[in-house]
K.L.:
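Sharing a structure here in structure tokens format.
Small disclaimer: the values here were computed from a predicted structure and weren't measured. Quick note: numbers below take in every heavy atom, side chains included, and nothing from hydrogens, waters or symmetry partners. So that the names make sense, note that chain A is the first sequence line, chain B the second, and so on, each numbered from 1.
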2 protein chains.
Amino acid sequence: MNPSSFVNSFPSGANAAAADASSVNLRVGGDRRKQRSRRKEARPSELAAAALELFVERGFAATRLDDVAASAGVSKGTLYLYFNSKEALFKAVVQEAIVPELIAAEQFMANHRGSAAEVLRELTFFWWRHSGATRLAGVPKLMIAESGNFPELAKYYHDHVMMRGRALLGAVLARGIESGEFRRVDLETAIDLIIAPVMMLHVWRYSVCAHEREIDAEAYLTMHCDMIIRGFATEGNPA
Amino acid sequence: MNPSSFVNSFPSGANAAAADASSVNLRVGGDRRKQRSRRKEARPSELAAAALELFVERGFAATRLDDVAASAGVSKGTLYLYFNSKEALFKAVVQEAIVPELIAAEQFMANHRGSAAEVLRELTFFWWRHSGATRLAGVPKLMIAESGNFPELAKYYHDHVMMRGRALLGAVLARGIESGEFRRVDLETAIDLIIAPVMMLHVWRYSVCAHEREIDAEAYLTMHCDMIIRGFATEGNPA
DNA sequence: TTTGCTACTGACCAATCGGTCAGTAATGTA
DNA sequence: TACATTACTGACCGATTGGTCAGTAGCAAA
């Protein structure tokens with residue numbers, strides 16, 4: 001007894017008023033129905049793209065699936081044809097938006113010939129160009145914000161994104177240590193310390209002081225790289 | 001027509017069923033009412049303490065005021081006697097829990113005699129002991145998570161906490177530069193780079209990899225201080 | 001044109017939660 | 001004991017939203 005036509009024909013009980021109110025509009029509006037097309041192939045990535053935009057802007061919990069669907073030009077029902085739940089939608093977002101960037105970074109790193117310091121610096125700015133300066137920048141903040149209440153998402157992100165990023169940095173550091181360019185430091189801790197300010201740059205731009213103080217990303221990342229390289233350099237090495 | 005007794009006497013309309021269902025329990029339960037005391041003075045800080053715990057654990061939006069009230073041993077109605085809104089409660093939490101720690105840090109810093117490097121290192125570990133290792137540690141993550149959807153809170157936290165913390169660090173750096181111990185670097189950027197890993201340490205422990213990988217805070221902060229001091233040291237100065 | 005398949009719709013449901021307020025009871029006062 | 005004050009309660013309201021599903025309509029084969 002769900003469809004509006006039926007309810008309108010036989011209004012009954014408490015919801016009669018509400019049902020009437022909304023469907024009168026429909027009727028007055030006449031047959032002005034939105035043209036609807038059937039494009040099974042394109043829907044999932046369109047929905048994922050819309051979801052990325054809204055998740056980043058409002059957070060996972062605060063994003064309404066109605067809005068995601070509308071933003072992708074379909075109804076919420078359609079969204080549920082392609083994703084079984086809100087969490088499934090999130091995983092698709094990570095898969096479609098972030099993993100390709102990670103692969104690009106891995107290739108960039110594999111092909112780069114130069115000192116570890118150079119690679120480190122260029123990798124940082126590569127990261128910035130491909131992630132920090134794009135709409136992907138909001139994802140780290142998104143993860144930090146929501147991971148507590150959605151441990152499933154957190155684990156997914158950790159396994160599919162964080163670990164790969166850390167491995168990348170670890171390789172650069174190991175290369176530098178092996179060549180005698182860097183001091184022998186604890187790899188895991190060093191990775192943490194390199195990543196932290198980069199993550200924080202993203203986070204800050206999307207929260208706390210978002211509108212209070214602009215951070216000069218260029219200057220910030222430059223100084224960060226200087227500090228890291230200088231801090232890890234072996235004694236004899238010119239920082 | 002709100003009180004249950006009245007509604008029960010004259011059940012009518014759509015909510016009769018629901019009203020009955022819930023108040024039958026009350027009656028069957030008999031007069032087993034919780035002893036209630038009147039302690040106007042103690043309530044606000046008890047509520048704020050309960051709120052801190054829950055905000056940090058679940059986030060601002062996800063924390064129910066019913067739970068905060070219950071956790072403080074009162075009803076939600078009582079909570080609203082002392083705080084006009086959820087946001088007002090948050091401000092009280094910051095005021096009661098964080099500002100005292102900031103004052104302690106300011107005093108610690110003012111009384112400390114030593115090189116800028118020493119002060120920086122000790123201030124970092126002071127911070128860790130007083131905030132990072134306590135339940136306050138969750139607050140930075142809380143702010144990052146919620147600031148997007150609650151700009152009012154973000155501004156409050158920024159003005160009352162961030163700015164004071166930054167001023168503190170700025171003073172240490174300025175002292176170091178003046179004495180020739182540190183290089184002449186851009187203060188704002190340097191502050192950002194010192195704070196970022198400390199914030200990130202808190203954040204990490206409360207999210208993303210919270211249960212995936214333990215971070216050795218001691219080692220992490222030690223290396224961080226080493227890097228900062230080494231990175232800012234003037235040429236002639238022994239790092 | 002008819003029929004069958006299925007992509008798509010949107011009203012609805014059930015549960016959640018910030019906030020309200022009429023009523024209750026603990027405490028002080030006479 | 002009678003009365004006044006007020007801290008406290010908890011059922012209720014209204015708005016919100018993830019998820020459902022009976023029904024609609026685009027499309028192609030017969």
K.L.:
Of the residues in residues 77-90 of chain B, which ones touch DNA chain D at a heavy-atom distance under 4.0 Å?
P.N.:
B/G77, B/T78, B/L81, B/Y82
K.L.:
Quickly work out the B/L65 CG to D/dA11 P distance and round it to whole Å.
P.N.:
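B/L65 atom CG is separated from D/dA11 atom P by 17 Å.
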K.L.:
Please state how far atom CG in B/D66 lies from atom P in D/dA11, giving the value in whole angstrom units.
P.N.:
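Rounded to the whole Å, the gap is 11 Å.
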K.L.:
Provide the full list of salt bridge (Lys or Arg N to Asp or Glu O under 4.0 Å) pairs with a residue in residues 130-148 of chain B, sequence neighbours left out, each pair given once.
P.N.:
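Sorted pair list: B/E53-B/R135.
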K.L.:
Please enumerate all protein N or O atoms sitting under 3.5 Å from an N or O of nucleotides 14-16 of chain C, with distances to 0.1 Å.
P.N.:
none

K.L.:
How close or far is atom P of C/dT6 from atom CZ of A/R38, stated in whole angstroms?
P.N.:
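Computing the A/R38:CZ to C/dT6:P distance gives 9 Å.
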K.L.:
Kindly state each residue pair satisfying side chain to side chain donor-acceptor pair (under 3.5 Å) with at least one member in residues 97-110 of chain A, sequence neighbours excluded.
P.N.:
A/E101-A/H130, A/E106-A/R164
K.L.:
Could you pull out all residues at least two apart from A/S85 that satisfy side-chain contact (heavy atoms from CB on, under 4.5 Å)?
P.N.:
A/E87, A/A88
K.L.:
Which of these, A/L173, A/L168, A/V172, sits in a side-chain contact (heavy atoms from CB on, under 4.5 Å) with A/I191?
P.N.:
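Exactly one pass, corresponding to A/L173.
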K.L.:
State which residues pass side-chain contact (heavy atoms from CB on, under 4.5 Å) with A/V161; sequence neighbours excluded, sorted by chain then number.
P.N.:
A/V94, A/I98, A/L102, A/Y157
K.L.:
Side-chain contact test, heavy atoms from C-beta onward, threshold under 4.5 Å: evaluate it for B/L142 versus B/F90 and give yes or no.
P.N.:
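In contact.
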K.L.:
Check the distance between C/dT6's C1' and A/E41's CD and give it to me in whole angstrom.
P.N.:
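These atoms are roughly 13 Å apart.
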K.L.:
Can you name the salt bridge (Lys or Arg N to Asp or Glu O under 4.0 Å) partners of B/D159, sequence neighbours left out?
P.N.:
B/K155
K.L.:
Once you round it to whole Å, what is the distance between P of D/dG18 and CG of A/L47?
P.N.:
14 Å
K.L.:
Please state how far atom CG in A/N149 lies from atom P in D/dG18, giving the value in whole angstrom units.
P.N.:
14 Å
K.L.:
Between atom NZ in A/K76 and atom C1' in D/dT16, what is the gap in whole Å?
P.N.:
10 Å
K.L.:
Measure the distance from CZ on B/F55 to P on C/dC17 and round it to the nearest whole Å.
P.N.:
13 Å
K.L.:
For A/E152, what residues pass the salt bridge (Lys or Arg N to Asp or Glu O under 4.0 Å) criterion, not counting sequence neighbours?
P.N.:
A/K91
K.L.:
Quick one: is D/dC8 close enough that its OP1 or OP2 comes under 4.0 Å of any side-chain N or O from B/R43?
P.N.:
yes
K.L.:
Taking salt bridge (Lys or Arg N to Asp or Glu O under 4.0 Å) as the cut-off, I'd like each qualifying pair that reaches into residues 69-85 of chain A, sequence neighbours left out, listed once.
P.N.:
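Sorted pair list: A/D66-A/K76.
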